[in-house]
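A short write-up of the structure that comes next.
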Protein chains: 2
Amino acid sequence: MAALADVSISTASKALNGSGRMSVETRERVKKVALEVGFRPNALARGLITKRSFTIGLLTNDTYGRFTLPVMAGISEELVGHGVSVFLCAIEDDPERARVHVDAMLDKSVDGIIASGKRLDRQLPVDLSGLSVPVVYAFTKGAADGVTLRSDDEQGARLAARCLIDAGCQRIVHVTGPKTFQSVRERADAYRTAIDGPPEVLHGIWAEAWGHEAVAQLWDRGGEKPDGIFCGNDQIARGVVDGLRERGVRVPEDVAVVGFDNWEIVAAQTRPPLTTVDMNLRTLGREAGRLILAMSEGREVQSGIRKLPCSLVVRQSCRGLETSA
Amino acid sequence: MAALADVSISTASKALNGSGRMSVETRERVKKVALEVGFRPNALARGLITKRSFTIGLLTNDTYGRFTLPVMAGISEELVGHGVSVFLCAIEDDPERARVHVDAMLDKSVDGIIASGKRLDRQLPVDLSGLSVPVVYAFTKGAADGVTLRSDDEQGARLAARCLIDAGCQRIVHVTGPKTFQSVRERADAYRTAIDGPPEVLHGIWAEAWGHEAVAQLWDRGGEKPDGIFCGNDQIARGVVDGLRERGVRVPEDVAVVGFDNWEIVAAQTRPPLTTVDMNLRTLGREAGRLILAMSEGREVQSGIRKLPCSLVVRQSCRGLETSA
DNA sequence: TGTCGATGAGAAAACCTTTTCTCTTAGACC
DNA sequence: GGTCTAAGAGAAAAGGTTTTCTCATCGACA
């Protein structure tokens, strides 16, 4: 203990924490010695008394981490500077597992819990309301009176539509996922109001195969062909682009394509690379970290749903106007 | 405190922990009351005295979580039953960040650290030897005297080669990643000794584009064409399959293809779906969890490198013999 | 010179368990 | 009946901090 090396014991604590009254000289001396001997206050003991463990839990049902990993990165980025570490708990839509993990976190007196997931209109299979610790919902459906962070899918869809319009598309079709997803409906609605011509929305599953299939439907029927396709996610977009190429349709010259998610793995490997909407999940994670920190420090934060803006990542499948890049 | 509800205070602890001497009746009664009032022993206080925090850290530089997520799932699966939670620390090859995270974990008295990564022949940018807590290296290069878990890439490559041979391939080519990767060399070596004909290994980058390119090289030159291609990972395999399809070569009828990694996102979406080698990272994670738990409980575990077997996931790009499925 | 206030620093309580030690009581054996 | 042993249960210490309270000293002001 640094106390031995210098003067007292409780004084040392005050010196290190900048609390209490004491001469500048004493304070500096203690700090110096502490640094020299590499003194590390025991976080457990500290937590026992301060009621803060400098620990938060991230609960998610997103197995592949496609959405959770960026969120996690943002949270960690925001919190590590404050000495806060993050427990990651992956529960596969299994209420039992969720319960066990939440219990384990509560046992460890986490300062807060961030709930995350893979879709915005489904709750995690565990009730987090009424817990003794603050909860923030990030990219998952939250409790009615909770604080929730989500992407602004309508604004994102507008960005996509705008990009296609700017690229000169006259006849834009929207190929997207199942209508049961709220974000699918939101994006479709935004698309409908954003484009000039008559809207056309094709619903299917979240897979490349559906992208292919959609192209087949659109091109095998008679009538005018689209010159722009806004896809519900990057996997569908990839299927669409591949389907178009196989038919000898050039992207983006003949048909421009915009995806959604900016899932690098897919978007960057597509030929040509996809122009797509990024939900800025890392930023969303940072915000979640900021909020949970504030709440755990007792600061009041306004409950409700906050929508964070998406941004457009321009690659080659739709270039828009040069000026809009 | 449950003590009030019943009898004593220190007796309660003994009752709940199964230690000390007392009548069966007392013990049961205490347990019952504890359950009723939902008593949760404070893990911080417990940790302070037992020197165990029931907490471990997972350090990784694998940003996309492609390898770390399955490992993490395995670790968590193994440990959650023992009440152990996992700190996930993503350090992007940044020594500074690594240092900060490790310090934060040590402050919190983690019971152990599992180091993980994205390749087997690179160390994490931080020295974990000489720490006061046990360390297990899982899917990353470990310290010389540490305990390390890795996949058996040679055995995995043999599985792939065997599958192609069983499918009747006579002329098998290996299209893989950069020679600088140790696992690339190991897989290539195993491939060379496993096949009957003369080996041919094409090195490139870990991307679909390289798969395309390799097909172009193989098909645009004169001479005999391969009838089997073993790819260094699933992304390359996907590029290869796409390249073949574009040339009108049928998979698996004309050419059978086997990938590596079993990265569902890629392998299952390829047309046809990829037969590929799975490194069983989840199992590897479980094993890492088992080991770190043993070490944190003071049990001795043998140091050195342990190779865990891969397995073959048969889809449609190479069917092998019916009997070998 | 005496009193008051401010300033610096230590003593001790508190946080919540676990664990060791001690005490009491009852039963058994001589 | 007395002594010894074992069993059951509580008292108290320990674990490492933070924080409140108390104490001592010194300067200033009356």
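It should be emphasised that the depicted structure is a prediction, and the values quoted were computed from it without experimental measurement. Hydrogens, waters and symmetry mates are skipped; everything else that's a heavy atom, side chains included, is used. In what follows, chains carry the letters A, B, and so on, assigned in the order in which the sequence lines appear, proteins first and then strands, with residues in each chain numbered from 1.
Atom-to-atom, CE of B:M22 to C1' of C:dT25 comes out at 16 Å; the value is rounded to the nearest Å. When rounded to the nearest whole Å, the span between CG of B:N42 and C1' of C:dT18 equals 12 Å. Across the protein-nucleic acid pair, B:I9 atom CD1 and C:dT18 atom P stand 11 Å apart, rounded to whole Å. Taking atom CG of B:L16 as the reference point, atom P of C:dC16 lies 16 Å away to the nearest angstrom. Atom P of nucleotide D:dG8 and atom CZ of B:R29 are separated by 13 Å, given to the nearest angstrom. Atom pair B:E25:CD and D:dA7:P shows a separation of 17 Å (rounding to whole Å applied). As rounded to whole Å, 16 Å separates atom C1' of D:dG8 from atom CD of B:E28. Distance, B:R52 CZ to C:dT17 P: 18 Å, rounded to whole Å.
Between B:R99 and B:E96 no salt bridge is recorded (no basic side-chain N to carboxylate O distance below 4.0 Å). Residues A:E186 and A:R150 are paired through a salt bridge, judged by an N-O separation under 4.0 Å between the basic side chain and the carboxylate. We find that A:K307 and A:D153 are not joined by a salt bridge, their nearest charged nitrogen and carboxylate oxygen being 4.0 Å or further apart. At a threshold of 4.0 Å, the pair A:K141-A:D121 does not count as salt-bridged, since none of the basic side-chain nitrogens sits closer than that to a carboxylate oxygen. A salt bridge is defined here as a Lys NZ or Arg NE, NH1 or NH2 lying under 4.0 Å from an Asp or Glu carboxylate O, and A:K118 with A:D93 meets this definition. For A:K31 and A:E36, the salt-bridge test fails: no basic side-chain N is under 4.0 Å from an acidic carboxylate O.
Between its opening and closing five pairs, the helix from C:dT1-D:dA30 to C:dC30-D:dG1 changes axis direction by 70°, a value rounded to 10 degrees.
For A:T26, a side-chain nitrogen or oxygen approaches OP1 or OP2 of C:dA9 to under 4.0 Å. For the OP1/OP2 pair of D:dG10 and a distance below 4.0 Å, the side-chain nitrogens and oxygens of B:T11 include at least one atom meeting the criterion. Close to D:dT18, at under 4.0 Å from its OP1 or OP2, lies a side-chain N or O of A:N17. Taking only side-chain nitrogens and oxygens, B:S23 comes nearer than 4.0 Å to OP1 or OP2 of D:dA9. Using a 4.0 Å cut-off, no side-chain N or O of A:S19 falls inside it from OP1 or OP2 of D:dT18. A sub-4.0 Å separation between OP1 or OP2 of C:dT17 and a side-chain N or O of B:S13 is absent.
Nucleotides of DNA chain D nearest to A:K14 and B:V24 differ in position, and the one nearer the 5' end is that of B:V24.
The cationic group of A:R119 lies under 6.0 Å from the six-membered ring centre of A:F181 and within 45° of the ring axis, placing it in a cation-pi geometry.
With hydrogens and angles disregarded, a donor-acceptor distance shorter than 3.5 Å links the side chain of A:N42 to the backbone of A:L44. In this structure, B:T50 contributes its side chain and B:R46 its backbone to a donor-acceptor pair below 3.5 Å.
Using modelled atom types and a 3.5 Å distance limit, the side chains of B:N280 and B:S311 yield a donor-acceptor pair.
Residue contacts shown for A:R40 are limited to sugar-phosphate atoms, with no base heavy atom under 4.0 Å away.
Which of C:dA9, D:dG10, D:dA9 sits closest to the side chain of B:S10 comes down to D:dG10.
Near DNA chain D, meaning a heavy atom under 4.0 Å from it, residues 44-51 of chain A has A:A45, A:R46, A:I49, A:T50 in order of number.
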